[in-house]
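Each remark here refers to the structure printed beneath this line.
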Amino acid sequence: MNSALLLNYSTFGYLFASFIYVAAFLFKSNKAGLGGTFFTALTFIAQTVALGLRWQESYQIGIGHAPLTNMYESLVFFSWTIAGFYLFLEFKFKNRTIGAFALPFAFAAMAFAESGWVSQEINPLIPALQSNWLIAHVVTCFVGYAAFAVACGLGIMYLIKDFSGQKDKGLMATLPSLRTLDEINHKTMIFGFLWLTAGIITGAIWANSAWGTYWSWDPKETWSLITWFFYAAILHARFTRGWQGAVVAWLAIGGFLCVIFTYYGVNFLLSGLHSYGGG
Amino acid sequence: MIKKKNSIWMFFASVKLALFVLFVLAAASIIGTIVPQDATPQHYQQFYGSILDGIGMYSPQATAVITKISYLLSFDDMYRSWWFNGLLGLLSLNLIVCSIERLPDVWRLVVMDNHQTKIGRLQGMRNKLELASTEPAAQTAATVQPLLKSMGWATSQSTKPEGILLFSQKTPWTRLGVYVVHLSILVIFAGAAVGFYYGHKGGINLPETLSSDKVYKYGSGDEIDLGFTIKCNWFQMTRYPTGAPKEYQSELVIIDNNKEVLTKVIEVNDPLTYKGWTFYQSSFESHKKYIISVANKTTDVHERFLAPLRDAVRWKNENLLFAIKELIPTKIPMTYQYKLMVADGKGGQQLLILDDNMQGTFTRDDGNVYVFQVKEFFSTGLQAAKDPGVWLVYLGCGLMLVGLGVAFFMSHRRLWLLISEKDGKTSILIAGTANKNKPGFEREFAKINDTLTQHQSIEVQ
């Protein structure tokens, strides 16, 4: 068994789990939803093992480092955090319909990682990345990103329910109430915001210990700050001006677009200190 | 309390202003990531020209006008521009005024005497329940107090015309969390300002074996005196088997008052700090020359020579002649072995194949043994920074995380119990509020109900 094979399985695992969640939602079958949970948890475990194996494999080829250092590894980790965060949410709020909107993100990240567009090689660490801050920085950022991905899914759920004519009948009745969706979405964004903040801070401390500058307006830094501004604005609008419901649902989707650009767009469209993330 | 609600004051205290500033800052930052920063005028001409071309509107005049506007608005140096920093200043002002405006009311909520709460208000609270007790009021109070305390609600007691009032609260100070976050942003800005006015950023290219007591400011190239001397003993670059760089290292020595006070091998992510200055490994430069170190093992005399490829070098005192004839590629890309020819001036000569930085010996006919060592001659590129504001920035970051944690995940919860007697019956009115996480408080409130009603003397009314 090696990590590449297990990660391949994980891609299909999340695809399958997404299908089950969507089917369970469409056919209003709670039993099928249980299957979704089972496959998500199973895939999550397999992926955890795969991450561990990849870590170990990097040591076997003599360049040992945590599997968090290039685009492929970050996509795998992104998918892993989304699935992990979703499972936590399902456990906390006891609702499986969210899976139909959250798990596809975990699958999409894996599918992109395995698409052949990004190199799957384990690369030796360039000197700039050889730091204990690497793990702290990547983990904090991606927990935040994962929460924002799930918030985007929750925003989509909210809007679907809101736009459907009959909110409390038929298919839509199985979704949580609009109030609950809004509440979970808000909590998820708060959670993501805290981790994004921690991610920016760990990045700043790392930059200072590597280059003597904690902030250099590098495009990645700047875009993470733009994302931070965006969510800070959403939270303020809610706390002090009472924004909620559909507006916040749209903003959750907009915020996630910022995240995607910070994570992915910057590497390809703009150049800067994080260029190794493109490999 | 009467406050002067001056409209300018209220404008600077408003969340509207905060949202507006955040929006403009975000927009300006986006422009700053798209427009190249600190480029040449020709570059901007080209940049705007290609954009205009892309939308089919290219003309030299339009390009010139847009380039001019871009310079006027400092798009070429966005983050140092007066208006970008003005916006940061406006955000700070907004934070300060908003906090001054709101803090007194919040502070009152934190320190207020909740025994003064009007009894009528308890009736109107969302979390409310009424229980009955078989014991008289004083006895009932004595019964419920330890029960509440076991759940973390230590109560204080007062006597009201309506009966006995018990009050308890959890974490009232968490109401200040959001102001800690606001403060943290100001602390970070203060740290950045201290760094800007009192800090130095510079760099130096230090050739191996040489030293300097100055560094050169970025951009202007102005000299900055260190007040001590820094020397580079050696620089070394190692590679992975693939040829990718594995580590850049420099051995640095600090010489202060003519004494060597500190020696450290620095690498990327592991700098050297002395007297507020930190030296970072940032780059290197090859001089296409080689350092040849030779030692006479017999007499222990040694000497170092600098030579380009294929140039013969003479060590006069020892009458030795040597030259690097060729670089031989090794299995690792971009690393070489040295083919060193050594001659003793009397016809004896030998070819040494030396790995980088490895020793090889040459024995002369007269019995003298020489040890040779060759390495490429580098300058190490050091980044030097002195930033007395960093600790403030870190303090601000810490405050921000703590503040956010408190503001988001902790709430001020208050609990009142009014124990009253009427017609020989004792009733308990329990009311509570939480300023955040109301569903969580509802669960906590239900638990209080469960715990109290489990007692034999208390029942649901």
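Per chain, numbering begins at 1; letters A, B, ... match sequence-line order.
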Q: Measure B/Phe409 against the heavy atoms of chain A and call it side chain, backbone, both or neither at under 4.5 Å.
A: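 Side chain of B/Phe409 only, per the 4.5 Å heavy-atom cut-off to chain A.
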Q.
Quick check on B/Ala18 against chain A: is it the side chain, the backbone, both or neither that has a heavy atom closer than 4.5 Å?
A.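 The answer is neither part of B/Ala18.
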Q: State, to 0.1 Å, how close B/Ala385 and A/Gly212 come at their nearest heavy-atom pair, and which atoms those are.
A: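 Heavy atoms of B/Ala385 and A/Gly212 come nearest at CB-O, 3.8 Å.
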Q: Can you see which heavy atom on B/Leu19 is nearest to which on A/Ala233, and at what distance?
A: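 Shortest heavy-atom separation between B/Leu19 and A/Ala233 comes out as CD2-O, 3.5 Å.
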Q. Measuring heavy-atom distances to chain B, does A/Ile200 have an atom under 4.5 Å in its side chain, in its backbone, in both, or in neither?
A.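 Looking at A/Ile200, nothing touches chain B.
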Q: Please look at A/Leu225 and chain B and tell me whether the side chain, the backbone, both or neither of the residue comes under 4.5 angstrom of a heavy atom of that chain.
A: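 Neither part.
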Q) Between A/Phe239 and B/Phe408, how do the two ring planes meet: parallel, tilted or perpendicular, split at 30° and 60°? A)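 The rings of A/Phe239 and B/Phe408 lie parallel, inter-plane angle below 30°.
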Q.
Quick check on the interface: out of B/Ile30, B/Val15, B/Val393, B/Ile34, who has the most heavy-atom pairs with chain A under 4.5 Å?
A.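 It is B/Ile30.
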Which N or O donor-acceptor pairs, by atom type, sit under 3.5 Å across chain A and chain B?
unit_1   : atom_1 : unit_2   : atom_2 : d
A/Leu125 : N      : B/Tyr240 : OH     : 3.4
A/Leu125 : O      : B/Tyr240 : OH     : 2.7
A/Pro127 : O      : B/Asn269 : ND2    : 3.4
A/Ala128 : O      : B/Asn269 : ND2    : 2.8
A/Gln130 : O      : B/Asn269 : ND2    : 3.2
A/Gln130 : NE2    : B/Tyr240 : OH     : 3.2
A/Gln130 : NE2    : B/Lys246 : O      : 2.8
A/Trp206 : NE1    : B/Asn269 : OD1    : 2.9
A/Asn208 : O      : B/Tyr280 : OH     : 3.1
A/Asn208 : ND2    : B/Tyr394 : OH     : 3.0
A/Trp211 : O      : B/Gln383 : NE2    : 2.4
A/Trp223 : NE1    : B/Thr33  : OG1    : 3.1

